[in-house]
J.: 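Take this structure first; my questions come after.
Just so it is clear, the model here is predicted, and its values are computed rather than measured. Lettering follows sequence order; numbering is per chain, from 1.
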There are 2 protein chains.
Amino acid sequence: MNLETFIRDIPNFPKPGILFKDITPLLNSPEAFAHCLEELVSKTPDTIDKVIGIEARGFFFGTAIAQKLSAGFIPVRKKGKLPYTTISENYSLEYGDDALEIHEDAVRKGDRVLIHDDVLATGGTAKAVVNLVERLGGTVVQCNFLIELEFLNGRKQLNSPILSVLKY
Amino acid sequence: MNLETFIRDIPNFPKPGILFKDITPLLNSPEAFAHCLEELVSKTPDTIDKVIGIEARGFFFGTAIAQKLSAGFIPVRKKGKLPYTTISENYSLEYGDDALEIHEDAVRKGDRVLIHDDVLATGGTAKAVVNLVERLGGTVVQCNFLIELEFLNGRKQLNSPILSVLKY
């Protein structure tokens, strides 16, 4: 399956100079979605206790990955969106700064955690989530992404094994 | 399965006087997630072409429902978040006003559409999404929700068949 035909380039979104990879055509195809889902779970370690999806586009495949692996799903969200007690990490990304939060009881000590997001860009977001997991006593066993923007060198930010389905 | 044990009450979130139903414990249990997913697809009409998930908590089950039904998934998002050409509807909800957008090419004329969100409260959000679908020529064949807050009478806003897993 030629997945690239399901990714739409949007120039100057969300800011001038950014070429945004729009994955909505891929989401709109059940066959393309299923194909990517299989790739995303194809090389996971034996045991995964929890899958984290990063707000908001990391939720699209995050819950589906969790179900495939019979793991619990954990949303990591932007500041103020999670209702219960949280811990927080600041991060910088391709276009701006923000903070990410996780519920303090979401990861338990010793949990083996897979982190998922739609795009690996500079790696700042994923690195912040790795920090959140480790502060709660979990171990990150894989970070996976639908798309990796290799020219931004996000891999260098992450010590964990990385899987990406599409590379640009 | 007693699903209510997976829902956590959070008083005064996101605003004073609101008792928020936190579904993250349910997401964190693969068994509870799978149980709810089965309920959400158990009474769907024969043919569903597209499943809409409403930002952001509607994404948790939205893609999983779409995969179960072999349907395409469409995100409806808040103003400015979708990268391609959109149409928009204003709506009012339990705590504030906002606008929701959908890509103009997401629904095709004649598509049979299922709309999913985590909570049915006053129905304002779902009603706005029904309008978006109908403006694009689609037919809403079901609106389904993980939780229905019956005392807010959201059902009265919607003419489509409604399914909810948990009622309060």
J.: Just wondering, more than 12 heavy atoms not from N12(A) lying within 6.0 Å of its CG?
T.: yes
J.: Please tell me if the side chains of L27(A) and I74(B) come closer than 4.5 Å, counting only heavy atoms from C-beta onward.
T.: no
J.: Under 4.5 Å between side-chain heavy atoms, counting indirect links through other Ile/Leu/Val/Met/Phe/Trp/Tyr residues: same cluster for I87(A) and I115(A) or not?
T.: yes
J.: Could you tell me which of E31(B), Q67(B), H103(B) has the largest number of non-hydrogen atom pairs under 4.5 Å with chain A?
T.: Q67(B)
J.: Output the residues of residues 75-84 of chain B for which the shortest heavy-atom distance to chain A is under 4.5 Å, in residue-number order; output 'none' if no such residue exists.
T.: P75(B), R77(B), G80(B), K81(B), L82(B), P83(B), Y84(B)
J.: Picking from A56(A), A71(A), A64(A), G53(A), which has the most non-hydrogen pairs under 4.5 angstrom with chain B?
T.: A71(A)
J.: Please examine the side chains of D105(B) and R8(A), heavy atoms only from C-beta on, and report whether any two atoms are closer than 4.5 Å.
T.: yes
J.: Looking at CG of N28(B) and CG of D111(A), how far apart are the two atoms once the value is rounded to the nearest 0.5 Å?
T.: 8.0 Å
J.: Tell me, yes or no, whether the heavy-atom count around R108(A) atom CZ, taken from other residues, nucleotides or ligands under 6.0 Å, exceeds 12.
T.: no
J.: Are I7(A) and V119(A) connected, step by step, through hydrophobic side chains (Ile, Leu, Val, Met, Phe, Trp, Tyr) whose heavy atoms are closer than 4.5 Å?
T.: yes
J.: Which value, rounded to the nearest 0.5 Å, describes the distance between T85(A) atom OG1 and I10(B) atom CD1?
T.: 7.5 Å
J.: Determine, using the 4.5 Å side-chain heavy-atom cutoff (strictly less than), whether I54(B) and I162(B) are members of one ILVMFWY cluster.
T.: yes
J.: Could you tell me which of A34(B), P25(B), A32(B) has the largest number of non-hydrogen atom pairs under 4.5 Å with chain A?
T.: A34(B)
J.: Which heavy-atom pair separates P30(B) from S70(A) by the least distance, and what is that distance?
T.: CG-O, 3.5 Å
J.: Need one label for A66(B): side chain, backbone, both or neither, based on atoms under 4.5 Å from any heavy atom in chain A.
T.: neither
J.: State yes or no: are the ring centers of F33(B) and F73(A) separated by less than 6.0 Å?
T.: no
J.: Flag yes if L163(A) and V133(A) sit in one hydrophobic cluster, no otherwise; membership is Ile, Leu, Val, Met, Phe, Trp, Tyr, and two members link when side-chain heavy atoms are under 4.5 Å apart.
T.: no
J.: Do other residues, nucleotides or ligands put more than 12 heavy atoms under 6.0 Å from the CG atom of D46(B)?
T.: no
J.: Does F60(A) offer a backbone N or O that forms a donor-acceptor pair with the side chain of T63(B) under 3.5 Å?
T.: yes
